[in-house]
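Numbered from 1 within each chain, the chains take letters A, B, ... in sequence-line order.
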Number of protein chains: 2
Amino acid sequence: MPSRRLAHRVRSRLIPRRPRLRSAETRLRIIEAALQAFGDAGFDGALTREIARAAGIQQPLINYHFGSKHGLWQAAVEHLFGRLEASVEEALPRLGSLDPRDALAEVLELFVHFNAEHPELARLMIKEATARGPRLEWIIERHVRPSFEAVLQLVRQAQRHGSLYGIEPASAYCLFMGAATSVFVMAPAFQLLTGNDPFSAERRAAHAAALVRLFLPERTARRDTAAVRVERRPN
Amino acid sequence: MPSRRLAHRVRSRLIPRRPRLRSAETRLRIIEAALQAFGDAGFDGALTREIARAAGIQQPLINYHFGSKHGLWQAAVEHLFGRLEASVEEALPRLGSLDPRDALAEVLELFVHFNAEHPELARLMIKEATARGPRLEWIIERHVRPSFEAVLQLVRQAQRHGSLYGIEPASAYCLFMGAATSVFVMAPAFQLLTGNDPFSAERRAAHAAALVRLFLPERTARRDTAAVRVERRPN
DNA sequence: GTCTATAATTAGATAGAC
DNA sequence: GTCTATCTAATTATAGAC
């Protein structure tokens, strides 16, 4: 039908369909839904159909935009680490001028707040980290190793100032990760056990303060720590 | 074929096939394989075929013994918590006579060593804890809540002696869990990042010592802590 | 109790219209 | 770019022989 093709060609010049914009919007909505799903249920537990439903599109669109479920997973991880890296970049200039121990405390707090805002990151990571495989190797080499090395440097500097005595830096990294993320990673379990929401502003602040107190006790007094409410519950 | 049936009946009386024993053995082998698989890949990622292969039996036997994949998961969790509870029972008499802070330190060390021996427990738990669902509710109410309450009691007692100041007990529980288990949970990632094995005897001991130092710094000097090797690596 | 064979279901991916 | 319809492959579960 040449006439129809012609009509289409004409219309396509008159009406700017901004295909890139719509595409980018759709991609983003899919990615947000995917992060939620992968974080909740892991790669195998997450269903592309469910992700599509949550994003308000049809399932084959995922393959159109990302090629495969694995491609979607990578794009989602990429997106989230991009946000984390942006947060760090933003804080970086401030950190340079600080005492290394204060810098470490700042990084800990930043990390706590990022995890409260985006619990998917640690959920997703930990689900891949329990067994070797292509996804783990990809995420480690592409995203984790740089921040790992940076934290090691910070820890070594803090240790030269007498903090974190006798803890191997790589162990300190794992301790940080575990202690900082666990409440948010297992928030549904925390909710079932205590009836409380770990994402509330007070609880985030208390959590960050507790972490700094644990890892850098000598820093606590010098910083304006958020009030810690020790709560009384019937049990 | 009546003659064959008769022969079978006769033979079955002469040769004691000890069916229960074989059954119990098989069940155990399936459960061990299942724990590994569920811990590595989560409920959805674990395949009953693979579990059967690892256990050296055929896949339908799983349904014969456990009814369903979900039944197998429950039996495996039950088995593992049984072991944990046995460890705790064993240590309990010793703990009663201790200062609550020392008792807490002992519990931390016991928990570290159990997790080093059975990383599946925390792997499995954390994979269910990220989203509400029937498996999470079952495991929380049946297995986690009792130990949660016990730890809260210990923390409150330790706080009355001045330890863990200003940390809400439920938060302390999460911090313990995260800090104690993370190296073992994400052992494959740790291995990729550092080239080291977190399960070695020295590393377990160092990890336990670091944890006690973090949470109960005043206890450290009084206890025979394992030597902590601060290791030097090229990077 | 354990096996072989297979049914039933459902996942991710593709084809093709619009 | 997005949709509908469908394919292919792989999973858990069942039937039935031994």
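Listed by residue number, the members of residues 30-57 of chain B with any heavy atom below 4.0 angstrom from DNA chain D are Ala46(B), Leu47(B), Thr48(B), Arg49(B). Against DNA chain D, the stretch residues 125-137 of chain A makes no heavy-atom approach under 4.0 Å. Within residues 62-72 of chain B, the residues approached by DNA chain D to less than 4.0 Å at the level of any non-hydrogen atom are Asn63(B), Ser68(B), Lys69(B), in residue-number order.
Ring geometry for His143(A) against Phe81(A) counts as parallel: the plane angle stays under 30°, on a 0 to 90° scale with 60° as the upper cut. Using cut-offs of 30° and 60° on the angle between ring planes, the pair Phe114(B) and His118(B) is tilted. Using a 30° and 60° split on the angle between ring planes, His207(A) and Phe184(A) fall in the perpendicular class, above 60°. Ring orientation note: the planes of Phe38(A) and Trp73(A) are nearly perpendicular, at an angle over 60° on the 30°/60° scale.
Residue Thr26(B) places none of its side-chain N or O atoms closer than 4.0 Å to OP1 or OP2 of dG1(C).
Here the side chain of Pro60(A) is nearest to one of dA15(D), dT4(D), dG1(D), namely dT4(D). Of the listed nucleotides (dT4(C), dC3(D), dT2(C)), dT2(C) has the atom at the smallest distance from the side chain of Arg22(B). Comparing dT4(D), dT12(D), dG12(C) by their nearest atom to the side chain of Gln59(A) picks out dG12(C).
The side chain to side chain donor-acceptor pair (under 3.5 Å) with Arg204(B) is formed by just one residue from the set Glu117(B), His113(B), Glu109(B); it is Glu117(B).
His79(B) approaches Leu28(B) most closely through the heavy-atom pair CE1-CD1, 3.4 Å. Residues Ala33(A) and Ile51(A) share a closest heavy-atom pair of CB-O, 3.6 Å.
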Original post:
Should Arg29(B) and Glu32(B) be marked as a salt bridge (charged side-chain N to carboxylate O under 4.0 Å, His left out) after you check the CA-CA gap, both sets of side-chain angles, and the distance that decides it?
Top reply: CA-CA 5 Å; Arg29(B) 289 179 57 189; Glu32(B) 304 276 15; over 6 Å; no

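Glu85(A) is linked by a salt bridge (Lys or Arg N to Asp or Glu O under 4.0 Å) to nothing, counting only residues two or more places apart in sequence or in another chain. With sequence neighbours left out, Arg49(A) forms a salt bridge (Lys or Arg N to Asp or Glu O under 4.0 Å) with no residue at all.
Contacts classified as salt bridge (Lys or Arg N to Asp or Glu O under 4.0 Å) and involving residues 118-127 of chain A (residues at least two apart or in different chains) are given here: Asp40(A)-Arg123(A).
Across the protein-nucleic acid pair, Arg29(B) atom CZ and dT2(C) atom C1' stand 13 Å apart, rounded to whole Å. The distance between atom CG of Leu61(A) and atom P of dT4(D), rounded to the nearest whole Å, is 10 Å.
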